[in-house]
Amino acid sequence: LPWLGGLVLYAINHAAVGSPGRALQSKFVSCNPLKGKPIAEIVSVCGPPQAQSAIPNGLRLWQWQATGYHIALLVDTDDICQGVQHEFASR
């Protein structure tokens with residue numbers, strides 16, 4: 001019986017900890033396709049990025065992260081998304 005209680009607590013904890021990442025991922029899915037979309041439109045749906053970095057060729061890397069999910073988008077000088085540089089979603 002104790003193992004059953006442990007399993008239930010694990011499932012509840014896993015769902016609660018991962019829910020912010022799943023919610024953020026769902027927002028990005030609703031914006032698809034990302035490439036060619038103005039970054040302001042993406043931010044209006046997904047919220048502001050946690051980080052922005054300048055990278056070569058005049059591009060910028062905009063990154064969003066929540067527990068269990070991370071996405072990095074390439075953004076050009078005209079503030080247009082050029083695509084996904086990196087995306088990770090835990091199971």
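If you read the sequence from its start, that first residue is 1, and numbering goes on from there. From a predicted model like this one, the values you see are computed outputs, not experimental measurements.
- Side-chain contact between Ile42 and Leu34: present, with at least one pair of heavy atoms (C-beta onward) separated by less than 4.5 Å.
- Ile80 places none of its side-chain heavy atoms less than 4.5 Å from the side chain of Lys37.
- With values rounded to the nearest 0.5 angstrom, Gln52 atom CD is found 8.0 Å from Ile39 atom CD1.
- Between Arg60 and Asp76 no salt bridge is recorded (no basic side-chain N to carboxylate O distance below 4.0 Å).
- One finds the CD1 atom of Ile71 at 9.0 Å from the SG atom of Cys31 (value rounded to the nearest 0.5 Å).
- With contacts defined as side-chain heavy-atom distances shorter than 4.5 Å, the pair Cys81/Leu74 does not qualify.
- Counting heavy atoms from C-beta outward, Asp79 and Pro38 have side chains that stay 4.5 Å or more apart.
- Inter-residue side-chain proximity for Val75 and Leu61 is flagged as unmet; no heavy-atom pair is nearer than 4.5 Å.
- When all heavy atoms are compared, the tightest approach of Ser30 to Val45 is OG-CG1, 3.7 Å.
- Looking at every heavy atom in both residues, Gln25 comes nearest to Ala89 through NE2-CB, 3.8 Å.
- Trp62 has its side chain within reach of Val43: a pair of non-hydrogen atoms, C-beta onward, lies under 4.5 Å apart.
- Residues Trp64 and Phe28 place their aromatic rings such that the two centres sit under 6.0 Å apart.
- Side-chain polar atoms of Gln63 and His70 form a donor-acceptor pair below 3.5 angstrom.
- Note that the NE2 atom of His86 and the CG atom of Leu73 stand 11.5 Å from one another [nearest 0.5 Å].
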